[in-house]
Asker: 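What follows is a structure written as structure tokens; I'll ask about it next.
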Amino acid sequence: MKILFKSFLAFTLLFTQILFAQTLNSTFKVKGECGMCKERIETTAKKAGAQTATWNAETQQLTVEFDQAKVASDAILKQIAEVGHDNERFRAPDAVYDGLPGCCHYERTPSFPKASETEHASSTVSQAPSLKENNQFYVRGNCVSCKNRIEAAAKSAGAGSAFWDPEKQIVTLDFDESKTSADAILKKIADVGHDNEKYTASNAVYDALPGCCLYDRALPLGVKSSLVHMEEAPARKDFTQHADHVDKTIEEVKVVRLGDATALNKKETGLTFNISSKELLKAACCNLSESFETNATVDVSFSNAVTGTKQLKMLGLDQKYTSLTKELLPSIRGLASPYGMNLIPGRWIGGIQLTKGGSTVTNGYEGITGQINTELLKFQDQPESAVNVFGDINSRFETNITTTSLLSEHWNQTILLHGNATLAKMDTNDDGFLDQPTGNQINAAYLLNYNGLDHNGLGTHFGISFVKDERFGGQTSFDKNLDRSQQSAYGVGIDISKFDIWNKTGYVFKGKPYQSIGWMNQFTYHEQDSFFGQRNYLGNQKTFYSNLVFESIFGNTNHKYKTGASFLYDDFDEDYLIQNYQRTETVPGLFFEYTLTGLKYTLVAGARTDFHNLAGTQFTPRLNFKYDLFPKTILRLSAGRGFRTANVFAENQQYFASNRQIEITQNGGDIYGLKPEIAWNYGLSLQQEFKLFNRKATLVADFFRTDFQDQVLADLDLSPNKLLFYNLDGNSFANSFQTQIDFVPAKNLELRLAYKYYDVQADFEGGRREIPFMAKNRGFFNASYATEKTDKGSFWNFDTTVQIVGPQKLPNLNANPAEFRLPEYSASFATLNAQISRNFNKNIRVYLGGENLTSYVQERPIIDAANPFGNYFDGGMVYAPIMPANIYAGFDVSF
């Protein structure tokens, strides 16, 4: 019996030992941001004794398996905190957190409140609910700078640790009561500018805070201000915002800091500016071409004195060398190039991402100087409908109706409607020609979105749009209702129809947030029926585009890759005078892109091969590199190749209203007898953040160079009676330097200053010459001031923009009689735009503004306007504004 008892006891002890030695599977909250965080957290957990470790960026949860007989969970979490990651039991040392790469700087809020913590709201300090039992107190603030200031003040007053949560407006303190007190700490926090439930900051200290830190002092304690923002907060909620990886695979929506009208994305390897709807409201922005009036990167100018068309230039080159996309799908290209910017209403735009230099290979091969992507309005947190009405003194009127609504838990829709009309025949310079064409536009779009990424990993976006635009210009005596053969007046008519239908679908693999697949498809039909005097131009283009992208990792998220295939089909049919030009382009392509993320750097290297049926096989490599020299200093390098097929008629319609005869010098190519355009673009930029007037300021300096091979040159100099097209034989280059500073010298006052220098030359027939209509020197100034919001949300906003344009090289017209010539260079000039707006509340806004308030106009925008059918008539020699000061007004109502 005794032996049996001893055996039983030994078995019991052995079983207990085995039981307690079994591996435990536990889940803990651990703060992190990106793939590098994931690698660091999981590696540290395993080094601390965990058998397995899996961290999920979306849920912020770490699941570990460990032998509790060998290691404790606290030991694992403590080591994770020591390498920089706050968790539910330990906080990382500030010095270690500050030393993490910029992409790893998560939001340091007390994400693990004690059970006694409750939701709160209070109207006065005396009425604020007490949280003292947890050493938690209400403290007002807005942003990361506030957080750093509050926590630093608390520690300087003796707190061992301090955690401030901007969402709850609560600071959690840990301190030794024998050395300091809550009152002493809160007084110190108030002394540096932050009201709290014990003390109020002095007005002088509060007023001296940076603009981003000026919280709303009228709100009850504990209530978050609408100004609260943390670095790199999501700009909008869309199905693509679920994860960083699917975000880039399906739509590559960039993120911006809330509150910034234009923000330079610090995480992107490319020099990418995010332009929000707040920036677009600073000017009239009736369409996309007018959406860059307050942006220093893009140059906006009239290209024709008869049609009134505006064109963009970037890095010293025409907009045809910039990839212009809508929803990351090809939008303004081919026959749509001259007028496509006018077909996207400004009030439809939810945001714009502008990237200087070569864009990613996943988006195609055409972007040489950069990419401008337009995002349409979509459903965000709440359904919203809005009506906008606009009019100016030149009898241009427009109406916009937009509505976003939730159809079900996962489905939402957007309806966009636009109509405009220009009614009056304006001829302010009495040259007998209209300053701008009359006509109208009807535009409609419907978007349907499904967001099931959290549910089943699937997201899809469907869109359809149609626009009809009709314009008439020319001499004031031209009657559009009469047949041209029955009248002697010179007339211009442009009738455009455009139809788009597209879909983007993405899927995130279950349990693998780093792995996703996206497929984008679009069909476009564009038709133009136009005449310029006795010249007819008709063109239609059918385009189908498809892009399949797969994204995953090599080993860990420090090594990511994208690969996929694309297909582009273009069918062109053009009639110019009596000549017909037809061609079909089919371009299947393959691409691969690798992203390496280090402690302070990110490298994106990609290449694509496209098999063009007319241009041959084209290899397109691109490279972008970002290095964080210091926490607030970023260096970027880029290099890449691009190619495109020139559409010589569509892209040069600004010269159709002239006597120039078009000649094409063919050289054996298959596109109008010409070879495709090929170019290399190289870029270098430096971004520096610093304090100016004790407020945040950002300085950006960049240099880009573009070198062409087989460029299709449009030669205006050989003869004033001809426009010659031929491929480059020699060198053609564009050097672009820009420096820009954004700062806030006083509360609610934002200033932007920029200077640009361009050197753009090419080897034309007869020698090297400057590209015409390109000013070497340009200056830019923008100021924006907003008054404080009242309790009802009303405030005033004042904006002004000054642009200084230096002398421009003009085409050589010396073969003309003296009265029909131009000087070698134009004179310098300046333009002034300004706008005043009043928000009566969050739903009603009115605005009054002016464009070209200096009233500077080109003295003779049309050569020999009195004889439009003669040898010297030319309406394409435009280098300055052609209309004097224009005053406009409008109102917005949302509900």
Side-chain angles (χ1 to χ4, degrees), residues 293 299-311 313 392-394 424-437 473-478 489-490 492 532-533 653-660 716-717 719-721 723 758 769-779 801-833 850-887:
E293 300 285 357
D299 303 316
V300 184
S301 61
F302 283 104
S303 65
N304 186 279
V306 177
T307 64
T309 306
K310 288 185 178 180
Q311 291 280 298
K313 293 184 179 182
D392 67 18
I393 61 173
N394 294 319
K425 292 186 173 184
M426 307 293 294
D427 180 19
T428 55
N429 63 356
D430 296 322
D431 65 357
F433 276 78
L434 297 181
D435 296 334
Q436 63 179 2
Q475 290 183 299
T476 56
S477 58
F478 177 77
Y490 186 97
V492 172
F532 301 80
Q653 290 186 44
Q654 65 266 38
Y655 306 119
F656 282 5
S658 72
N659 75 321
R660 291 178 181 267
L716 297 164
D717 287 318
S719 170
N721 303 118
L723 172 58
Y758 297 128
R769 301 196 297 269
E770 295 179 37
I771 299 295
F773 307 120
M774 177 53 62
K776 280 194 172 184
N777 299 281
R778 300 180 73 104
T801 301
V802 177
Q803 298 206 49
I804 301 173
V805 181
Q808 303 169 61
K809 179 69 172 67
L810 300 180
N812 183 353
L813 303 183
N814 290 339
N816 285 345
E819 63 270 28
F820 303 135
R821 297 175 185 173
L822 291 174
E824 183 178 4
Y825 287 90
S826 68
S828 301
F829 65 90
T831 62
L832 170 66
N833 294 351
E851 298 174 313
N852 190 24
L853 294 176
T854 57
S855 275
Y856 182 88
V857 293
Q858 185 173 331
E859 183 177 348
R860 190 176 44 169
I862 299 178
I863 306 296
D864 197 10
N867 187 20
F869 297 101
N871 292 331
Y872 309 115
F873 171 72
D874 198 336
M877 302 294 100
V878 175
Y879 57 85
I882 56 179
M883 297 180 64
N886 179 35
I887 306 298

Asker: Over 60° means perpendicular and under 30° means parallel, so classify the ring planes of Tyr490 and Phe433, tilted if in between.
Answerer: tilted
Asker: Closest heavy-atom contact between Gly806 and Ser828?
Answerer: CA-OG, 3.6 Å
Asker: Identify which one of Asn833, Val802, Leu832 satisfies the side-chain contact (heavy atoms from CB on, under 4.5 Å) criterion when paired with Thr854.
Answerer: Leu832
Asker: If I take atom OG from residue Ser826 and atom CD from residue Gln858, how far apart are they, to the nearest 0.5 angstrom?
Answerer: 8.0 Å
Asker: If you round to the nearest 0.5 Å, how far is CD of Gln475 from CD1 of Ile862?
Answerer: 9.0 Å
Asker: Could you go through Thr428 and Met883, starting from their C-alpha distance and side-chain angles, then the distance that decides it, and tell me whether this counts as side chain to side chain contact (heavy atoms under 4.5 Å, CB included)?
Answerer: CA-CA 7 Å; Thr428 55; Met883 297 180 64; 5.6 Å; no
Asker: Between Asp427 and Gly432, is there a donor-acceptor pair closer than 3.5 Å when you use the side chain of the first and the backbone of the second?
Answerer: yes
Asker: For Ala885, does its backbone N or O pair with a side-chain atom of Ser855 as donor and acceptor, under 3.5 Å?
Answerer: yes
Asker: For Ala657 and Phe873, work out which heavy atoms get closest and say how close.
Answerer: O-CE2, 3.4 Å
Asker: With rounding to the nearest 0.5 Å, note down the distance linking CZ in Phe829 to CD1 in Ile804.
Answerer: 11.0 Å
Asker: If you look at every heavy atom in Asp431 and Pro861, which pair is closest and at what distance?
Answerer: OD2-CG, 4.5 Å
Asker: For Leu716 and Pro772, which heavy atoms make the closest approach, and how far apart are they?
Answerer: CD1-CG, 4.3 Å
Asker: Check step by step if side chain to side chain contact (heavy atoms under 4.5 Å, CB included) holds for Lys809 and Tyr879.
Answerer: CA-CA 9 Å; Lys809 179 69 172 67; Tyr879 57 85; over 6 Å; no
Asker: How many angstroms lie between atom CG of Asn394 and atom CE of Met426, to the nearest 0.5 angstrom?
Answerer: 4.5 Å
Asker: Taking all atoms of both residues into account, what is the closest heavy-atom pair of Met877 and Tyr655, and its distance?
Answerer: CE-CE2, 4.1 Å
Asker: Should Asp874 and Asp864 be marked as a side chain to side chain contact (heavy atoms under 4.5 Å, CB included) after you check the CA-CA gap, both sets of side-chain angles, and the distance that decides it?
Answerer: CA-CA 7 Å; Asp874 198 336; Asp864 197 10; over 6 Å; no
Asker: Would you find more than 12 non-hydrogen atoms of other residues, nucleotides or ligands less than 6.0 Å from Glu819 atom CD?
Answerer: yes
Asker: With rounding to the nearest 0.5 Å, note down the distance linking OH in Tyr825 to NZ in Lys776.
Answerer: 6.0 Å
Asker: Hey, is the main chain of Glu851 close enough, under 3.5 Å, to the side chain of Asn886 for a donor-acceptor pair?
Answerer: no
Asker: Using 0.5 Å steps for rounding, measure from the CG atom of Asn814 to the CD atom of Glu824.
Answerer: 8.5 Å
Asker: Kindly give the heavy-atom pair with the smallest separation between Ile863 and Tyr872, and that separation in Å.
Answerer: CG2-O, 3.4 Å
Asker: Determine whether Leu822 and Arg860 satisfy the following criterion, side chain to side chain contact (heavy atoms under 4.5 Å, CB included), listing intermediate values before the conclusion.
Answerer: CA-CA 9 Å; Leu822 291 174; Arg860 190 176 44 169; 4.3 Å; yes
Asker: Quick one: does Arg660's side chain have a donor or acceptor within less than 3.5 Å of a partner on Ser719's backbone?
Answerer: yes
Asker: I'd like to check Pro881 versus Thr831 (side-chain heavy atoms, cut-off strictly below 4.5 Å). Are they in contact?
Answerer: yes
Asker: Does Asp299 have any side chain to side chain donor-acceptor pair (under 3.5 Å) partners at least two apart in sequence or in another chain, and if so, which?
Answerer: Lys756, Tyr758, Arg778
